[in-house]
Colleague: 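Just dropping this structure here.
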Amino acid sequence: MADFDLSANFIPSLHKPATLLPIARHRQSLLYLVETYPVTIVVGHTGSGKTTQIPQYLEQAGWCADGKIIAVTQPRRVAATTVAIRVAEEVGCKVGEEVGYSIRFEDVTSASTRIKFLTDGLLLREALVDPLLSRYSVIMVDEAHERSLSTDVLLGVLKKILKRRPNDLRIIISSATLQAEDFLKFFAGDLDIQPKPVVQAAVSLDDLVSQGSLAPSNAGDQLGGNIGRIISLEGRTYPVDVLYLEAPAEDYVDKAVQTVFDIHTKEPEGDILVFLTGREEIDTAVQAISERAANLHPRAQTIMPLPLYAGLSSEQQMYVFEEAPENTRKVIFATNIAEASITIEGIVYVVDTGFVKLRAFNPLTGIETLTATPISKASATQRAGRAGRTKTGKCYRLYTEATFQALEEATIPEIQRSNLAPVVLQLKALGIDNIVRFDFITSPPAELIIRALELLYSLGALDDYAKLTRPLGMRMAELAVEPMMAKTLLSASSFGCLSEILTIAAMTSVGGNIWFHHDGEKKRMETARRKFAVEEGDHITLLNVYQAFITKGRKETKFCHDNYINFKALTRAVSIRGQLKRYLERFGITVDETLSTNANLQPLAVGGPDKGEKIRRCLTTGFFAHAAKMQPDGTFKNVAGGTILHAHPSSLMFNRKADWVIFHEVMETGNKTFIRDVTKIEKNWLVEYAPEFYKIR
DNA sequence: GAGCACTGC
């Protein structure tokens, strides 16, 4: 290939022609492997073009010949849409024609779609309807090294499907270097099939070996057997110098700020990316930089600190992509969002504090924790790589080399630290009854599975033999909300409050804040919130907010602005509610909306004096395991009795009197355990709706 | 009187 060294005089185009991508010279080898083996593991950095090019190569090679589709899964929605748009452009079609995408609430595909990008969660959902995923000839699982919950479940399901479709399904796993062998071992280890090549190979193995794109050892008896191979595609990255501290830092936020200033005053041009763990640290650091920047020499280059975390609005996030003004260096203080989800061009320096906030679920207490944890080596490598995207970079690790050596190789996958009730329910619905023997790429601890089985049993989703109940369990699996809320929804028509529970289910699962305020508006936001508050607690308050939004705020953003309500969150709630309603109607459950159309800001006016109680009783049928009793000092104790719970400051129960309550969510952060979305109930309802669960306690 | 990393159906 020609050696282009004109970068000093020319600006590179935004879109590299596909033939110039490093992947292009691996095209033949890649197609050969896919034709020959059921599983191909593709190793390549971002920028290698694997996500955009591989599906096109496959389509051109005839993998869609008999009307079959090539699926490419992504862990995130944005990735699925943006990549689809990009590939459609390259192919020269409109999105939704030959190239399309499918994500929750948005299916942009048609009968002519041959390449389809979708989230891995959605592909799993398709398996409920089409258990062998027979529409697809090739399924490529992208970013598998991230090991998200649904990626891991999908991999196990795909291995099972492959046993039934050894000759007409091809699987491609895209992974970072470190984990490639684990994926291959997973598929090849005990997969007892004799695959045959599907398409006549257009090139011979000898050709490829002599061209140098495949190592000769690929021909022999080696890892992967006749099941699969690993192929490595070079990415376009630049070397990064890694520097360590000589002695551990006492306060890494402090040290990060100091390091940023050292870089700013001593190092040549280039923006800085600093990895911190959360909003609080980021705000502190941004503040500190602003203060110290005032002391810089008036003629020196200025420094512009910018925050980046998921809680920011998209407008606020956009600043990090804008080019800094002249004579200004950008320094971005980011959470882990900058490690995989968001890529910022032009970063030359990375400051890595070595920590990340990780969620974990304690199967003994049923409580989730969110704590700052040391990162893994794989994570540290990924972070450092963020400095080498445009030219040679530097990475300052705010820990010692010995500390680095002691880090875990990879982050513990989510499946080993999550509440598995939704996973177990989903697997059961896919016909996988023996969860313990299910072939996970990494097995979850038995305690997590047991806890999940116990909860699903107490909710009535599983019977005495741990079989999925019908219709209840099956319907719970199909609803796109967690099991406790799914049970609540399916109880609602018998309480005569289905319309209301639909709204509450949607509002509690929007993710992100319902309330939104700018700096200095906190007091006014609290006042606005109080207008919607009701005595019974947070759930019915959420119902009031939604009702008001539907009637008054949907068309005018002023309503949201005046009441400090997050327009985006409420719009999302409307979509979720619509989707849940369609599911229920498919089950033959009719939703009577006539009683709930009169929106009302007045407390207790949810549709008559009894409605509130019906709603609270109904919530108890799903959330009995999340019950607590208020203590004289205003804190709560859970049913097991051991844990002290605090009402989250965003809850109405934060400073109100109550006796027994149920709550949507419990999470431990720092040293305190908070409950969110809290509603008052009567103690005897617990025994009434969950006799089995409460008979011994 | 205090605060949630990130994602998904």
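Labels below follow one simple rule: chain letters A, B, ... track the order of the sequence lines, proteins then strands, and each chain is numbered from 1. Everything numeric here is computed off the predicted structure, so don't read it as measured data.
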Colleague: Can you name the nearest heavy-atom pair linking S376(A) to A410(A), along with the distance?
Modeller: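 Heavy atoms of S376(A) and A410(A) come nearest at CB-C, 3.4 Å.
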
Colleague: Assess whether a salt bridge exists between D538(A) and R676(A), defined as any Lys/Arg side-chain N lying under 4.0 Å from an Asp/Glu carboxylate O.
Modeller: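 No, this pair does not count.
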
Colleague: Would you mind checking if E535(A) and K657(A) are paired as a salt bridge, meaning a charged N to carboxylate O distance below 4.0 Å?
Modeller: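 Looking at K657(A) and E535(A), the cut-off is not met.
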
Colleague: Answer yes if the side chains of S314(A) and K568(A) hold a donor-acceptor pair under 3.5 Å, and no otherwise.
Modeller: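 K568(A) and S314(A) do have a side-chain donor-acceptor pair below 3.5 Å.
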
Colleague: Which letter, B, S or -, goes with each nucleotide of nucleotides 3-9 of chain B from 5' to 3', with contact meaning a protein heavy atom under 4.0 Å?
Modeller: BBBBBSB

Colleague: Quick one: do E368(A) and R359(A) make a salt bridge, cutoff under 4.0 Å?
Modeller: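 Salt bridge present between E368(A) and R359(A).
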
